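Notes follow once the structure below has been shown.
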Amino acid sequence: MKSNNIFFPPIIVSLAAWLGLLVACTATTHDTPIVTVSIEPQKYILEQITGNRVEIRTLIANGANPETFDPSVNHIINLTKSIGFLRMGNIGFEAAILDKVHSENPDLPIFNTSLGVMPVTGTHSHGGITHDVIDPHTWTSVKNVKIISKNMLIAMTEIDPSNADYYRSNYDRFAARLDSLDNELTIRLAPHKGEAFMVWHPSLSYFARDYGLEQITAGNADNKEVAMGTLKETIDHASEHKARIFFYQKDLDSRQAEALSSQLGLTKVNINPLSYEWEKEMTAIVDAIAATDTIAE
């Protein structure tokens, strides 16, 4: 008597199971609301509030330069599939794409997460000319991030009200952590108030303002070579103010940054203001400055 059971080779069974899992995963991802932000530090901050309730996508991948970033058509199309766009606020490319985004999806909610931050101006130069524009690096400040995260909470409550209580609870915990971090950094940097540090790209303006430090900028927003006359003025200024640290961005800064730090005998510290690991980055910057106590001894 013949059996009615049909035999499937193991490889076919395994393939069917794999395809089923793939479909399930795709469906889950598709069902998760998408929120788009501009840069990786924003993603980190927003995740502290939203947890796993939304999928957060970043326009600029870690390592790209916001000053020269030019979003593609695909960037715009993917952005318009989001339930909201939480822009940083003052990064040049953001303003440039708003009209395109509106034309693709007129109903997409867009929020400026730096709203309410007291701006720093006059830190950026292009082609040797300093422009009185708002410094876009608002996230390089613990105090600013508390404002930014509050703006994110307001945005998420508006676009996803069903999870408002969850977002509020997460925000409260994160805000308390930010207060604790700011207090810790204030205590650690108090002995260094009034001291100067150097950067090539002016990315730490808000950080310097928070803790009474002076940021001496050697380069420009274009990260291009600087005229020798301008460079000499910077060297003289740094020497006069006894700067001991040179914060540089390994993949972005001009080759002159290396020569300048060596000429002045500064301690070189690699930073990445666009890193997803925002808290670790801020702490590492403070660690470097605090370590100058040991260097001085």
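Along the sequence shown, the residues carry numbers beginning at 1. Model, not experiment: these values are computed from the prediction.
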Are R53 and N163 linked by a side-chain donor-acceptor pair shorter than 3.5 Å?
yes
Test item: side-chain donor near acceptor, D135 and S205, under 3.5 Å:
yes
Would R209 and Q215 count as a side chain to side chain contact (heavy atoms under 4.5 Å, CB included) here? Give the steps.
CA-CA 9 Å; R209 182 178 70 181; Q215 172 184 257; over 6 Å; no
Side chain D160, main chain M156, donor-acceptor under 3.5 Å:
no
With clusters defined by side-chain heavy atoms of hydrophobic residues (ILVMFWY) lying less than 4.5 Å apart, directly or transitively, does L46 cluster with I154?
no
Side chain to side chain contact (heavy atoms under 4.5 Å, CB included) between I289 and L189, intermediate numbers included:
CA-CA 8 Å; I289 295 173; L189 291 173; 3.7 Å; yes
Pair R188, D287 - check side chain to side chain contact (heavy atoms under 4.5 Å, CB included), show working.
CA-CA 9 Å; R188 294 186 65 194; D287 287 345; 2.8 Å; yes
For the side chain of N144 and the backbone of W139, is there at least one donor-acceptor N/O pair under 3.5 Å apart?
no
Can you see which heavy atom on P202 is nearest to which on T217, and at what distance?
CB-OG1, 3.5 Å
I need the full list of side-chain hydrogen bond (donor to acceptor under 3.5 Å, both in side chains) pairs touching residues 173-182, with sequence neighbours left out, sorted by first then second residue.
Y44-R177, Q48-R177, K143-D182, K146-D179, S169-R173, N170-R173, R177-E279, D182-Y211
Any sub-3.5 Å donor-acceptor pair from H75's side-chain atoms to S72's backbone N or O?
yes
Check whether L108 and L98 end up in the same hydrophobic cluster, where Ile, Leu, Val, Met, Phe, Trp and Tyr are linked by side-chain heavy atoms less than 4.5 Å apart.
yes
Quick check on side-chain hydrogen bond (donor to acceptor under 3.5 Å, both in side chains): which of E47, Q42, E281 does Y276 satisfy it with?
E47
Do you know the tightest heavy-atom contact between A243 and L266?
O-CD2, 2.9 Å
Run the numbers on F247 and M198 for side chain to side chain contact (heavy atoms under 4.5 Å, CB included), then give the verdict.
CA-CA 6 Å; F247 290 113; M198 287 194 71; over 6 Å; no
Are more than 12 heavy atoms from other residues, nucleotides or ligands located less than 6.0 Å from atom CG of D236?
yes
So, taking the atom named CD in E233 and the one named CD1 in I216, what distance separates them when rounded to the nearest 0.5 Å?
13.0 Å
Show the numbers, then the answer: is there a salt bridge (charged side-chain N to carboxylate O under 4.0 Å, His left out) between E195 and R244?
CA-CA 9 Å; E195 291 182 3; R244 290 183 284 179; 3.6 Å; yes
Using atom types as modelled and distance alone, determine if a side-chain donor or acceptor of Y248 lies under 3.5 Å from a backbone N or O of V269.
no
Closest heavy-atom contact between L264 and S239?
CD2-OG, 3.4 Å
Look only at the side chain of H241 and the backbone of H237, and say whether a donor-acceptor pair between them is shorter than 3.5 Å.
yes
Can a donor-acceptor pair be found, under 3.5 Å and without considering hydrogens, that links the side chain of E40 to the backbone of L274?
no
Taking K100's backbone N and O only, do any of them form a donor-acceptor pair with S103's side chain (distance below 3.5 Å, no angle check)?
yes
Could you report the tightest heavy-atom contact between T292 and I245, atom names first, then the distance?
CG2-CD1, 3.4 Å
For the residue pair F85 and F111, is the inter-centroid distance of their aromatic rings smaller than 6.0 Å?
no
Shared hydrophobic cluster for I97 and I77 (ILVMFWY, side-chain gaps under 4.5 Å):
no
Could you go through the ring-ring contact (aromatic ring centres under 6.0 Å, His included) check for F246 and F197 one step at a time?
CA-CA 6 Å; F246 193 108; F197 61 83; over 10 Å; no
Give, for atom CG of L86 and atom OG1 of T113, the distance between the pair rounded to the nearest 0.5 Å.
6.0 Å
Distance-minimising heavy-atom pair for T234 and A218
CG2-CA, 3.8 Å
N-O pairing of E55 and R57 below 4.0 Å:
yes
Look at the side chain of T58 and the backbone N and O of V37, then say whether any donor-acceptor pair between them is shorter than 3.5 Å.
no
Shortest non-hydrogen pair, E94 vs G89, comes out as OE1-N, 2.9 Å
Min side-chain heavy-atom separation N105-K81 under 4.5 Å:
no
Under 3.5 Å, is there a donor-acceptor pair between the T140 and H137 side chains?
no
